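Below you'll find the structure, written out as structure tokens, and then a few comments.
Positions are given from 1, in the same order as the sequence printed here. Keep in mind that what you see is a predicted model, and the values were worked out from it rather than measured. When a ligand or atom number is given, it counts from 1 through the structure's own listing order. Keep in mind that the numbers below use all heavy atoms, side chains included, and drop hydrogens, waters and symmetry copies.
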Amino acid sequence: MDPAQQLTLYHFPHSLCSQKVRLALAEKGVRYATRVVNIGPAHENYEPWYMRLNPRGVVPTLVHDGEPIVDSARIVRYIDEHLPGPPLQPEDPDAHAEMEDWIQRQDRFPMRELSYSSGSSFVLPLARGTILRRARVLEAHRRRNPALDAAYRARIADVQQWRRTVSSPEAIAELRAQLTDLLEALELQLADGRSFIAGERYSLADVVWTVFLARVRFLRGDGAFTSTMPRVRAYWERVRARPSFARADIRERVKPTELLPIVLPFLLPRVGAALLVLGLLGYSVWALVS
Ligand SMILES: N[C@@H](CCC(=O)N[C@@H](CS)C(=O)NCC(=O)O)C(=O)O
């Protein structure tokens, strides 16, 4: 049987966690089938069929021989331990512990919250508007699917927390400071001249940090890795030059055309409502003066 038929990745092109899994699969050189789950305004990830596969309603999910595996940090370990290809975990226990530590540092950082708090003053309210809309979509699904009540309630609570964080300037300032600390810690980790995070061999820690740095690059632009972080910058160039980076379609930029389908569902009703109000006002003025 074709191995690609036994392995299906449910993912979304721009999602950070999906990219980590795609990169691990590209490093292993494994073939797999894909199914895009639209986490944009369509919120396909909240539909009951997907919530049954991944009860948190998030991408990615890897299905191997009919078994769903969720959570990107777990999935990349699973890929390394169950699929053919070059090993991505060091055998040396110290290096292995370092790899684990750096996977967890990345995993604990709430990049989602930071991503929804960065951007122009034009895009930000729209991004925040999408969080509100999520709660409404989830609530509608919850009412129609009592068997999934607990999963939907948990997700609604998560979305409310997400909204509270992105609405708090103090929380966001704290996240920005944490991100700088993380990058400085990486600079220190690379200070002995090592090529990769856990030593001379590329590991799962590099898989997750490649994608994380691509997101930092996207959020902070060209000056993402300052002159005080020469080793991080060189590391970024090194991991980015690997063939797996292109093969896994790692995104460090978003094309404006890709933003349109995200922004339009919010813009169109508002522009429509504004035009209607203007039209009514114009008509009232015309009726009064004529
Ligand atoms: N801990 C999970 C987090 C997954 C996650 O938050 N996925 C995001 C994309 S990176 C998602 O599906 N967001 C859509 C949503 O929350 O509605 C993992 O690492 O897989």
Whether His43 lies under 4.0 Å from ligand 1, heavy atom: no
Atoms of ligand 1, numbered as shown, that sit under 4.0 Å from any heavy atom of Arg56: 1 (N), 2 (C)
Top protein contact for atom 2 (C) of ligand 1, by heavy-atom distance: Asp71 OD2, 3.7 Å
Val58 backbone acceptor or donor facing Asn54 side chain under 3.5 Å: yes
Nearest option to atom 16 (O) of ligand 1, as decided by whichever heavy atom of Gln19, Arg134, Arg112, Arg155 sits closest: Arg155
Nearest neighbour in protein (non-hydrogen) for atom 19 (O) of ligand 1: Ser72 OG, 2.5 Å
Side-chain ion pair, Arg77 and Glu100, N-O less than 4.0 Å: yes
Atoms in ligand 1 flagged as close to Trp162, the criterion being non-hydrogen separation under 4.0 Å: 16 (O)
Proximal ligand 1 atoms for Leu16, defined as those under 4.0 Å from one of its heavy atoms: 10 (S)
ring-ring contact (aromatic ring centres under 6.0 Å, His included) between Tyr235 and Phe225, worked out: CA-CA 10 Å; Tyr235 170 79; Phe225 313 120; 9.4 Å; no
Ligand-residue contact atoms, ligand 1 with Ser15, heavy atoms, under 4.0 Å: 9 (C), 10 (S)
Top protein contact for atom 13 (N) of ligand 1, by heavy-atom distance: Ile39 CD1, 4.0 Å
NZ/NE/NH1/NH2 to OD/OE distance under 4.0 Å, Glu91 and Arg201: no
Close approach of Tyr46 to ligand 1, heavy atoms, under 4.0 angstrom: yes
Protein contact of atom 14 (C) of ligand 1 - nearest heavy atom, named by residue and atom, plus distance: Asn45 ND2, 3.4 Å
Distance-only side-chain donor-acceptor flag, Asn45 / Tyr10, under 3.5 Å: no
Aromatic plane relationship, Tyr283 with Trp286 - under 30° parallel, 30 to 60° tilted, over 60° perpendicular: tilted
Partner of Trp209 under ring-ring contact (aromatic ring centres under 6.0 Å, His included), chosen from Phe196, Trp102, Tyr202: Trp102
Any N/O pair Val59/ligand 1 closer than 3.5 Å: yes
Heavy-atom donor-acceptor pair, Gln19 side chain to Arg251 backbone, under 3.5 Å: yes
Polar side chain donor-acceptor pair, Arg215 to Ser115, under 3.5 angstrom: yes
contact_flag Ser18 ligand 1 heavy-atom lt 4.0 Å: no
Residue and atom name of the nearest protein heavy atom (relative to atom 6 (O) of ligand 1), distance in Å to one decimal: Val58 CG1, 3.8 Å
For Pro60, atoms of ligand 1 separated by under 4.0 Å from a heavy atom: 20 (O)
Side-chain H-bond candidate by donor/acceptor type, Arg163 with Gln160, under 3.5 Å: no
Distance from atom 10 (S) of ligand 1 to nearest protein heavy atom, with residue and atom: Cys17 SG, 3.2 Å
